[in-house]
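Pasting in a structure now, in structure tokens, and then I'll have a few things to ask.
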Amino acid sequence: MQLSVVGLNHNSAPVEIRECMAVQPDVLADMYERLLSDPRVAEAMIISTCNRVEYYIVTDKPYITADILYIVAISCSAGVSTLRKHSYIHCGTKAIEHLVMVASGVDSLVLGEPQIFGQVKDTFRAARERKAVGVYLNRLEQFVLNTTKKVRTDTGISENAVSVSYAAVDLAKKIFGSLEGKKALIIGAGEMCELAMEHLSGAGIGHITVTNRTFSRAEDLARRFYGSAVEFHKFPEVLPDVDIVISSTGAPQSVVNKAMVSAAMQRRRRAPMFFIDIAVPRDIDADVSTVENVYLYDIDDLKHVVESNRKERENEAVKAKELITGAVVRFERNIKSLTADPLIVELRQNFERARQEELIRYCRKHNITDPDIRENLNYIMLAMGNKVLHTPIRNLKSYIADGRKYTLAEAVALLFDLAADTD
Amino acid sequence: MIYYDLALVSYIFSFLLLLINFYFNKLSLQRLQILFIIVAIILNLVQLLFHWRTMKVFPICTLQDLLMLVSLSVGVIYVVLGLRYKRYYIGLFLIPVMILAGLVSLFLGSEGVQSAALESLWLYVHIPLAIVGTAFFLAAFASGIMYFILEKQLKEKKFGRVFERFPPLASIDKLNSASLYLGFAFYTAGMLAVLAWMRFRFNSIEAPLGSSFYVKIMIACVAWVITGGIILVKSVRATTARQTAFASVIGCASVLLIYVAVVLFMMR
């Protein structure tokens, strides 16, 4: 049995193809049913996110992987040839490596993004609920989760912000530590402001106030994030109460000046204030940064941070890939050793049967009825059997994944640690 | 002194590991560094206990003992603050103090017997309390310096290793305040113990005018007033983190200078 994957992602397919192939929650059960109805598919798992759709199957006939596209095409407007053109197929080691890379964010659009880890966990859970998970995927799940955690802790792939709005929140944390209980003022109601508010909310900000020239838009945005809105001409009044100011308006001239900030700082007893100006042209006068305990960053500063963070993540991705490759080799060896399990069980059963038969025969022949003697005999035979079986079982487990071919004599010599010349 | 020699080696290794980790930022290196400092602290303590057993007197009678106590106190405070605030890079400023104390004690040998220390139990209480208080002041001084370094990096928008490794400004401020308050508490307790000792020795809480004790007490009082003043102003006027950091650097530096002056030049 081995793992195979057929799928497409942000690199291989445009969004319209990804949309077409995406598996909505309401059709997930049906899709699992269709996959598992093929007798050649032993286990299956479907990952469907906005950036990728992947079908993982466990099979001993990996050449059937491409056939999955025919099943997918039934519920997709794009034809099989289009899907085939935009999809990729990995089998065996490559498929396992691919899954770990997906889970650890190495294969993500935003390198090292953490959400995919949760999505992969959910995928395993969903597959288990639909009884599509067997021994192989069970083991694979443990391996993927452990390796992903290791990648995240041992490499810096998820460290440092790689988007402007997230970098802004990261910088705020460098000043305030935790953002819990802090207050933020958002000047503007555009997309950048919305993103910044999402990150601020995620970081546990205490309260957000939004101001915008069009007050209704400020109100809408504030409502979505459980904040409050203030009219544009009144925002200097709330300035002393806020710790973080993020500004992104389309104003041709500055909206926050040094006098405004100095006055606010006086009223807030010079407690630190953090200003992020992501507007072009800038909304906040540059000389605001000369006020004591005021930290001002503009879009260029943030872009610089983001760029250097991205490069750092790319370097860490190389380390992550090395780590994953090594781990997958070990996992495959473990999985292959599983094939020895039925043999070992049979070997032990044979021994047990022979032991019982011999014990009964011997006791009957010598008329042994004393339970103590019978117990002792039983113990001796059991101990001897375990000793005899220990070496071949150990060697069977270690050589089963070897892949080399042996003559019968060589195999016996290997199994029993025999030094006899098999030539 | 074999235990203390080994402790000193461990302090040095710990510092080197901290420097290396400042570059690489690996969890394993950080754990190893903490392990070395804990081993050093244990060895330092063992040495002091060994002294206590052989000398039959609590080891605060020689400069060597005092310096060993200084390195032990600073070490313990570093580990406690490190564990509490997860800010191990304050060690960049504190571990050199431990190493310096260790090296000076090696050169000093067991000279400078403080005969007065043997006279009363109150001095046995005073000296450790004063040393622990001073160690906290050292931590306050170090965190104050860290605050200014990070603040400068943030203002100048330099996002290098200092920016990445140092804790947030707010955390440094908390560390600074906690060190200052705890230092002052220990120092005050130490002062009260010395007043009790004076009552025992001079039958009054005033040392004889012009005596070396009088000078020492006056200097200690000045140090106490400086740190007390910083705390009072911080509490009453709600000073900013920057002002607290500035006051701790200046205040703690003056206290440390006074302390060094008392210990080094006015022991007898």
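Chain letters run A, B, ... following the sequence lines, proteins first, then strands; residues in each count from 1. Not measured: the values here are computed from a predicted model.
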**Message:** Can you confirm whether more than 12 heavy atoms, excluding those of A:Phe225, are under 6.0 Å from its CZ atom?
**Reply:** yes
*For B:Lys234, look at atom NZ and say whether over 12 heavy atoms of other residues, nucleotides or ligands are found less than 6.0 Å away.*
yes
key: Smallest separation among heavy atoms of B:Leu154 and A:Tyr297, with atom names   =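 Heavy atoms only, the tightest pair is O-OH, 2.7 Å.
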Using a cut-off of 6.0 Å, state whether more than 12 heavy atoms not belonging to A:Arg267 lie near its atom CZ.
->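 At most 12 heavy atoms, drawn from other residues, nucleotides or ligands, come within 6.0 Å of this atom.
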Closest approach of A:Gly177 to B:Ala170 (non-hydrogen atoms, all atoms of both residues) =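 That would be N-CB, 4.2 Å.
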Give, as side chain, backbone, both or neither, the part of A:Lys174 having an atom under 4.5 angstrom from any heavy atom of chain B.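 For A:Lys174, backbone and side chain are both near chain B.
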Contacts of A:His304 meeting side chain to side chain contact (heavy atoms under 4.5 Å, CB included) (sequence neighbours excluded), chain-then-number -> B:Phe159
Here the gap from A:Ile175 atom CD1 to B:Glu151 atom CD, rounded to the nearest 0.5 Å, amounts to 9.5 Å
Counting only non-hydrogen atoms closer than 4.5 Å, does A:Leu171 touch chain B with its backbone (N, CA, C, O), its side chain (CB onward), both, or neither?
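Side chain only.
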Check your understanding: Within a reach of under 6.0 Å around CD of A:Glu191, are more than 12 heavy atoms found that belong to other residues, nucleotides or ligands?
Key ->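 Atom CD in A:Glu191 is not crowded, with 12 or fewer foreign heavy atoms closer than 6.0 Å.
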Validation: residues 20-31 of chain B side-chain donor-acceptor distances under 3.5 Å, sequence neighbours left out:
unit_1  : atom_1 : unit_2  : atom_2 : d
B:Asn21 : OD1    : B:Asn25 : N      : 3.3
B:Asn21 : OD1    : B:Lys26 : N      : 2.6
B:Asn21 : ND2    : B:Lys26 : O      : 3.4

Original post:
Nearest 0.5 Å, what's the CD-CD distance between B:Gln243 and A:Glu292?
Top reply: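 Rounded to the nearest 0.5 Å, the CD-CD separation comes to 6.0 Å.
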Is it the case that more than 12 heavy atoms not belonging to B:Phe166 sit under 6.0 Å from its CZ atom? yes
Cut-off 4.5 Å, heavy atoms of chain A, and the answer for B:Phe163 is both
Distance col, row B:Lys157:NZ vs A:Asp298:CG, nearest 0.5 angstrom, shows 5.5 Å
Atom NZ of B:Lys155 and atom OG1 of A:Thr290: how far apart are they, to the nearest 0.5 Å?
->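 B:Lys155 atom NZ to A:Thr290 atom OG1 measures 7.0 Å (nearest 0.5 Å).
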Note: vs chain B, highest number of non-hydrogen pairs under 4.5 angstrom among A:Thr153, A:Asp301, A:Val305 is A:Asp301
